[in-house]
Each structure stands twice: as C-alpha cells, then as structure tokens.
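What follows is a single structure, written as structure tokens, with notes after it.
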Amino acid sequence: MRIGYPCINYSIERKGTSTFRLKSYSPQRLIETVEFNLVYLRQMLEYNLAHEIYFFRISSGLVPFASHPVCKFNWQGHFAESFAEIGKFIKKHKMRINMHPDQFVLINSIDEDVLKRSVAELEYHAQVLELLGLGAAAKIQLHVGGVYGSRDESMARFARRFEKLSDAVRKRLVIENDHVNYGLSDCMEVHRMCGAVILFDVFHHSVLSRGETIEECFKEFTGTWKKADGKPMVDYSSQKSGARAGTHTESIDVKDFKRFLDVTSRWDFDIMLEIKDKEASAAKAIKAARGDKRLFVESL
DNA sequence: TCTGGTCAAGGTGGT
DNA sequence: ACCACCTTGACCAGA
C-alpha cells in the first residue's frame with residue numbers, strides 16, 4: 001500500500017511560474033515553463049521519498065497547451081532526457097504515478113469536436129507517462145462523462161469510444177465513479193461493456209451510490225484490475241463538516257481514515273488523498289496507517 | 001508591489 | 001436562451 005497526494009506540495013517554496021495565458025504563448029515561454037515545472041516535479045518527488053510518500057499525481061498542467069493547436073513545438077524531443085531522468089528516479093524508488101485530466105475531457109460527448117480535443121488531451125497525458133518510461137500501471141483517470149439525456153446511451157457511447165482509443169491511452173485509462181451522474185454500479189456496467197479498469201472514489205461513493213457497503217464495492221472494483229495494471233487505486237477524501245454534500249475536507253479526518261483502513265483490511269491497494277492540504281494530510285495518513293501490514297511492502 | 005478580474009476547453013439545472 | 005455553479009490556483013493588467 002502506498003499513500004499519496006495530488007499535483008502540488010505546499011512545503012516546497014517555488015520560484016517561477018508554472019503556466020501562462022494562451023495570449024502569451026511562444027516556444028520560448030513554453031520551454032521556460034516546462035523547465036520550471038520539471039524541476040519542481042523532481043523536487044516534489046524527492047520530498048515524497050524523504051517522507052515515505054510513494055504515490056503521486058502529476059499535474060495535467062505540466063506542459064501547458066500541449067494538446068492545443070497553438071503548440072507546434074516538439075517538447076517531447078526537447079525534454080526527452082529530463083523526462084527519462086525523472087522516470088528513472090520514480091522507478092528506482094518504486095513510486096506509483098497517475099494523472100487526472102480536467103473536466104472538459106469527455107470521450108462520451110455528443111459533440112465531435114469535444115471528442116477530438118479530449119482524445120488529443122488524453123494522448124498528451126499518455127505521452128508524458130511514456131516519456132517517463134512508465135507502463136500500464138501508471139494510470140490516467142477519467143469520469144464516464146455527461147448524460148446527454150440518456151444514461152444508457154451515454155455509457156454505451158463511452159464503451160465504443162474507449163475501444164477506439166490508441167493502445168498507449170487505453171492501457172492506462174481507468175474510470176472513476178463520480179458523485180453526480182455515474183456511480184460505481186454504472187462504472188461496473190461500462191467495465192462489462194469494454195473492459196475498462198475502475199478506480200474507486202470512496203468519497204464520491206458516499207454521495208452517490210445504491211447503498212452498497214465499502215466491502216461490497218471493493219469486491220467488485222478490485223476485480224477489474226489485472227496484474228499489468230498494478231495495485232488497485234482508490235481516491236480518498238471526506239466531507240467538509242457543515243458544507244454542502246460533496247465538498248472536500250480541508251484536512252484529513254484521521255478517525256474516518258482509520259475506520260476505512262479497518263474495513264478494507266482484506267485488500268491491498270494504493271490511496272490518493274484528494275484533500276486540500278496535500279502533503280500535510282499524507283503525513284497524517286501515513287502516521288495513522290503505521291503498523292498496518294500492507295503499508296510499504298513493495299519498498300522493503 | 002499589490003490586488004482582483006479573469007483564464008482553452010463542458011455539462012447540468014434553474015429561470 | 002441565458003446564467004450560475006462546479007472548483008482552484010495563479011496569471012497578469014492595472015492601480
């Protein structure tokens with residue numbers, strides 16, 4: 001079991017800028033920004049190693065506008081060596097990586113242009129992972145998408161589109177239950193249609209479900225992961241008290257987390273903490289899991 | 001130097 | 001048809 005956090009580390013002081021506006025695009029600007037982002041990524045990974053954090057989500061903003069028509073620069077070639085070096089570090093320390101494209105990536109969209117842009121964006125994500133030298137266990141997580149007036153048709157459309165994706169994308173793409181449209185049971189149905197692996201979001205499940213227990217969910221979704229996919233991945237967060245249902249907490253609820261570890265003790269998996277204070281909660285979670293037989297077995 | 005309006009991209013639901 | 005909301009950081013123009 002690995003425990004991690006997404007994209008940003010607040011303990012590391014950053015000097016520079018991580019993105020820019022479309023208006024300011026130039027190859028030079030892109031080079032400067034990606035150089036900065038790769039240095040920052042490396043710093044975060046080193047921080048993670050020092051703090052026993054072996055799971056990390058790389059920001060989709062690593063290469064700004066990579067899938068936009070404005071970007072004609074061969075960043076893949078230009079930064080190949082830097083990516084490979086970072087990838088070596090990741091593999092050396094048996095770290096787990098994933099990525100999560102933004103909300104406008106929808107492969108079940110009824111708009112062909114949205115589909116085209118989404119596929120381009122997914123290709124970009126796969127390229128990043130390829131350049132790092134990471135295989136099918138480095139996942140790209142996506143929601144099923146919109147409803148467009150018919151859930152059944154939209155799930156079937158997802159499955160059809162999934163099957164047409166390139167190998168590089170398809171072998172890494174996993175679907176995550178959301179908290180509005182498609183719960184775990186829907187994802188399982190999509191899985192039966194096209195074989196897509198399922199990442200379980202515990203918090204979304206607490207907002208949208210058919211009342212299945214966590215154990216029942218684990219029995220189901222862990223079965224969609226094959227050996228080449230690596231350990232199952234789980235997104236974990238909890239409700240911010242007093243806020244509207246679905247609002248992520250500021251900092252981890254350690255009691256709730258311990259209960260979760262207890263309930264899932266029969267399974268080994270990697271946990272991504274989708275919590276606002278990032279590495280601070282990761283530290284608390286690792287402390288809470290200390291002594292759990294599953295923790296860090298791969299790094300011993 | 002500071003601040004707040006704004007930023008590529010979509011979908012949903014209320015009016 | 002139109003608009004707020006989702007959710008979030010940080011760019012960058014203007015003060």
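Chain letters run A, B, ... following the sequence lines, proteins first and then strands; every chain starts at 1. Since this is a predicted model, take the numbers as computed values, not measurements.
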Interatomic distance, Y25(A) OH vs dC7(B) C1' [rounded to whole Å]: 18 Å
Counterpart base for dT7(C), defined by Watson-Crick or G-U wobble contacts under 3.5 Å: none
Touch class at under 4.0 angstrom, heavy-atom based, for T19(A) against every strand present: sugar-phosphate
Rounded distance in Å - CG (L122(A)) to C1' (dA9(B)): 13 Å
Nucleotide of dC12(C), dG10(B), dA8(B) approaching R29(A) most closely (side-chain heavy atoms): dC12(C)
C1'-based separation of dG10(B) from dC11(C) [nearest Å]: 22 Å
Touch class at under 4.0 angstrom, heavy-atom based, for V105(A) against every strand present: nothing
S18(A) side-chain N/O to dC11(C) phosphate OP1/OP2 under 4.0 Å: yes
Separation between the P atoms of dA4(C) and dG5(B), rounded to whole Å: 14 Å
Position toward the 5' end of DNA chain C (nearest nucleotide), Y10(A) or L22(A): Y10(A)
Opposite nucleotide pairing with dT3(B), Watson-Crick or G-U, both atom distances under 3.5 Å: dA13(C)
Protein-nucleotide distance (H100(A), atom NE2; dA9(B), atom P), rounded to Å: 20 Å
dG14(C) and dA8(B), which share atom name P, separated by this distance in whole Å: 16 Å
Nearest-Å distance for atom pair CG/P, residues N181(A) and dT12(B): 6 Å
Residue V114(A), side-chain heavy atoms: nucleotide from dA9(B), dT12(B), dG10(B) that is nearest: dG10(B)
Interatomic distance at P, dT6(B) relative to dT7(C), whole Å: 22 Å
Interatomic distance, L142(A) CG vs dA9(B) P [rounded to whole Å]: 19 Å
Strand partner of dA8(B), provided both Watson-Crick or wobble distances fall under 3.5 Å: none
Aromatic plane relationship, H51(A) with Y47(A) - under 30° parallel, 30 to 60° tilted, over 60° perpendicular: parallel
Inter-nucleotide C1' distance (dT12(B), dG9(C)), Å rounded: 24 Å
Geometric class of the F200(A)/F218(A) ring pair [parallel <30°, tilted 30-60°, perpendicular >60°]: perpendicular
Nearest-Å distance for atom pair NE2/C1', residues H179(A) and dG13(B): 14 Å
Pair partner, dT15(B) [Watson-Crick or wobble, under 3.5 Å]: dA1(C)
Aromatic ring pairing F56(A)/Y5(A), orientation class (parallel under 30°, perpendicular over 60°, tilted between): perpendicular
Exceeds 12 heavy-atom contacts within 6.0 angstrom, atom NZ of K258(A): no
Most 5' of K276(A) and R21(A) on DNA chain C, judged by nearest nucleotide: K276(A)
Distance in angstrom units between E112(A) CD and dG10(B) C1', rounded: 16 Å
Protein-nucleotide distance (R151(A), atom CZ; dT12(B), atom P), rounded to Å: 11 Å
F20(A) and Y25(A) aromatic ring geometry - parallel, tilted or perpendicular at 30°/60° bounds: tilted
For E215(A) against W267(A), the heavy-atom pair lying closest together: O-CH2, 3.7 Å
Of the listed nucleotides dA8(B), dC11(C), dG10(B), the one nearest the side chain of F65(A): dA8(B)
Considering all heavy atoms, the nearest L165(A)-I107(A) contact: CD1-CD1, 4.1 Å
Distance test, side-chain N/O of S24(A) to OP1/OP2 of dC12(C), below 4.0 Å: yes
Of the listed nucleotides dC11(C), dC6(C), dA9(B), the one nearest the side chain of F20(A): dC11(C)
N/O (side chain, K23(A)) to phosphate O (OP1/OP2, dC7(B)) under 4.0 Å: no
Phosphate OP1/OP2 of dA10(C): any T17(A) side-chain N/O under 4.0 Å: no
Candidate nucleotides dG10(B), dG9(C), dT12(B), ranked by approach to the side chain of I8(A) - the nearest: dG9(C)
